[in-house]
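The block underneath contains the structure these notes are about, expressed in structure tokens.
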Amino acid sequence: MKIYTKTGDKGETALYGGTRVSKASARVESYGTIDELNSFIGSAKCEITDEKVLNQLKKIQFDLFTVGSESATPTDKLNLANGKSRLALMISDIEIEELENWMDEFEKELKPLQYFILPGGGKGPTSLHICRTVCRRAERSLVFLNDSEEVRPELIKYLNRLSDYLFVLARYVAHLHDEPEEYWNPNDR
């Protein structure tokens, strides 16, 4: 099978379920940004050595493929004519709670926040801060899509929690490497 199909040469693509849409549609933008986030997480993994963290990020990348596949599927196409789900997997509260549990564990080792943190703390943490900002953009794109087409709330909730996780993880990885946090303190100006 060839990787190129030429079916998108006129600026359209097929969603999961067969509907053809413009590559500039809100739905394509949302799953494209999710794919971008997944790639940035892959890049961040190159800067991290902690096995526990790497395993979590690998699981998140897997989950982002799940989020992306659902984002590429109009809600009315989620189920087949026989009532079965078109998708093998869908994000649920289980994955959201998993992120929350991981954050709770990391925060036990971190100093409480008093100020906003400037993105930085070495290559790994900085990469994770970039992931966090791309995650926020992916979340906004799904919210924008939801304004015109229904999106399951679990997808938006997952990305919201994931951006929180990436923030905490950036702090944790900086902590592992004894990298100091730089604060945005308006009183220090």
* Structure fact -> For Trp184, the other hydrophobic cluster members (4.5 Å side-chain criterion, sorted by chain and number) are Phe116, Leu118

* **Exceeds 12 heavy-atom contacts within 6.0 angstrom, atom CD of Glu182** => no

* Asked: Met103 versus Arg161: any side-chain heavy-atom pair under 4.5 Å?
  -> yes

* **Heavy-atom side-chain contact between Phe106 and Val53 under 4.5 Å** => yes

* Structure fact -> What one should report as the nearest heavy-atom pair of Leu155 and Ser71 is CD1-OG, 4.2 Å

* With rounding to the nearest 0.5 Å, note down the distance linking CD in Glu149 to OG in Ser30. => 9.0 Å

* Distance from Ser141 atom OG to Leu159 atom CG, nearest 0.5 Å? -> 7.5 Å

* To do: Taking all heavy atoms of Ile117 and all of Leu113, pick out the closest pair and write down the distance.
  => CD1-CD2, 3.4 Å

* To do: Answer yes or no: is there an ion pair linking Lys59 with Glu98, defined by an N-O contact shorter than 4.0 Å?
  => yes

* Shared ILVMFWY cluster between Ile34 and Met90, side chains joined below 4.5 angstrom? -> no

* When you measure from the side chain of Arg152 to the backbone N and O of Ile91, does any donor-acceptor pair fall under 3.5 Å? -> yes

* Asked: Should the ring pair Phe167 and His129 be called parallel, tilted or perpendicular, given that the plane angle runs from 0 to 90° and is split at 30 and 60?
  -> perpendicular

* Taking atom NZ of Lys45 as the centre, report whether more than 12 heavy atoms of other residues, nucleotides or ligands fall under 6.0 Å from it. => yes

* **Validation row: Leu99, Tyr158 side chains within 4.5 angstrom (heavy atoms)** => yes

* Asked: Do Asn146 side-chain atoms and Leu142 backbone N/O form a donor-acceptor pair below 3.5 Å?
  -> no

* Distance-minimising heavy-atom pair for Glu47 and Ser127 -> CG-OG, 4.0 Å

* Asked: Heavy atoms, side chains only, cut-off 4.5 Å: are Lys111 and Glu181 in contact?
  -> no

* Asked: Going only through I, L, V, M, F, W and Y residues with side-chain contacts under 4.5 Å, is there a path from Tyr31 to Phe40?
  -> no

* Consider only side-chain heavy atoms of I, L, V, M, F, W and Y, link residues closer than 4.5 Å, and tell whether Val173 and Val134 are in one cluster. => yes

* Asked: Hey, does Thr126 have a side-chain heavy atom less than 4.5 Å from the side chain of Pro119?
  -> no

* Asked: Quick one: does Val168's side chain get under 4.5 Å of Tyr165's, heavy atoms only?
  -> no

* **Contact check, side chains of Ile48 and Leu128, non-hydrogen atoms, under 4.5 Å** => yes

* Structure fact -> Taken to the nearest 0.5 Å, the spacing of Asp104 CG from Asn101 CG works out to 6.0 Å

* For the pair Val67 and Leu162, evaluate side-chain contact (heavy atoms from CB on, under 4.5 Å) and give the outcome as yes or no after the intermediate values. => CA-CA 12 Å; Val67 173; Leu162 178 58; over 6 Å; no

* Measure from the side-chain N and O atoms of Thr75 to the backbone N and O of Glu150, and report whether any donor-acceptor pair falls under 3.5 Å. => yes

* Would you name the heavy atoms of Arg27 and Thr73 that are closest together and state the gap between them? => NH1-O, 3.3 Å

* Yes or no on side-chain contact (heavy atoms from CB on, under 4.5 Å) for Gln56 and Asp50, after CA distance, side-chain angles and deciding distance? -> CA-CA 10 Å; Gln56 289 177 6; Asp50 185 88; over 6 Å; no

* Between Lys157 and Glu154, does at least one N-O distance fall below 4.0 Å, as a salt bridge requires? -> no

* To do: Could you check if a side-chain atom of Ile60 sits within less than 4.5 angstrom of a side-chain atom of Leu166, using non-hydrogen atoms only?
  => no

* Asked: So, for Gly120 and Pro125, which heavy atoms are closest and what is the spacing to 0.1 Å?
  -> O-CB, 3.2 Å

* Are Val28 and Leu64 linked, directly or through other ILVMFWY residues, by side chains that come within less than 4.5 angstrom of each other? -> no

* Asked: Just checking, any donor-acceptor pair under 3.5 angstrom between side chains of Glu29 and Thr33?
  -> yes

* To do: Kindly work out whether a path of hydrophobic side-chain contacts (I/L/V/M/F/W/Y, heavy atoms less than 4.5 Å apart) joins Leu54 to Tyr172.
  => yes

* Asked: Does the pair Gln114 and Tyr183 meet the rule for a side-chain contact (heavy atoms from CB on, under 4.5 Å), with working shown?
  -> CA-CA 9 Å; Gln114 296 179 18; Tyr183 300 107; 6.0 Å; no

* Can you tell me how far SG of Cys131 sits from CG of Leu169, rounded to the nearest 0.5 angstrom? -> 9.0 Å

* **Cationic N near anionic O, under 4.0 Å, Asp164 to Arg136** => yes

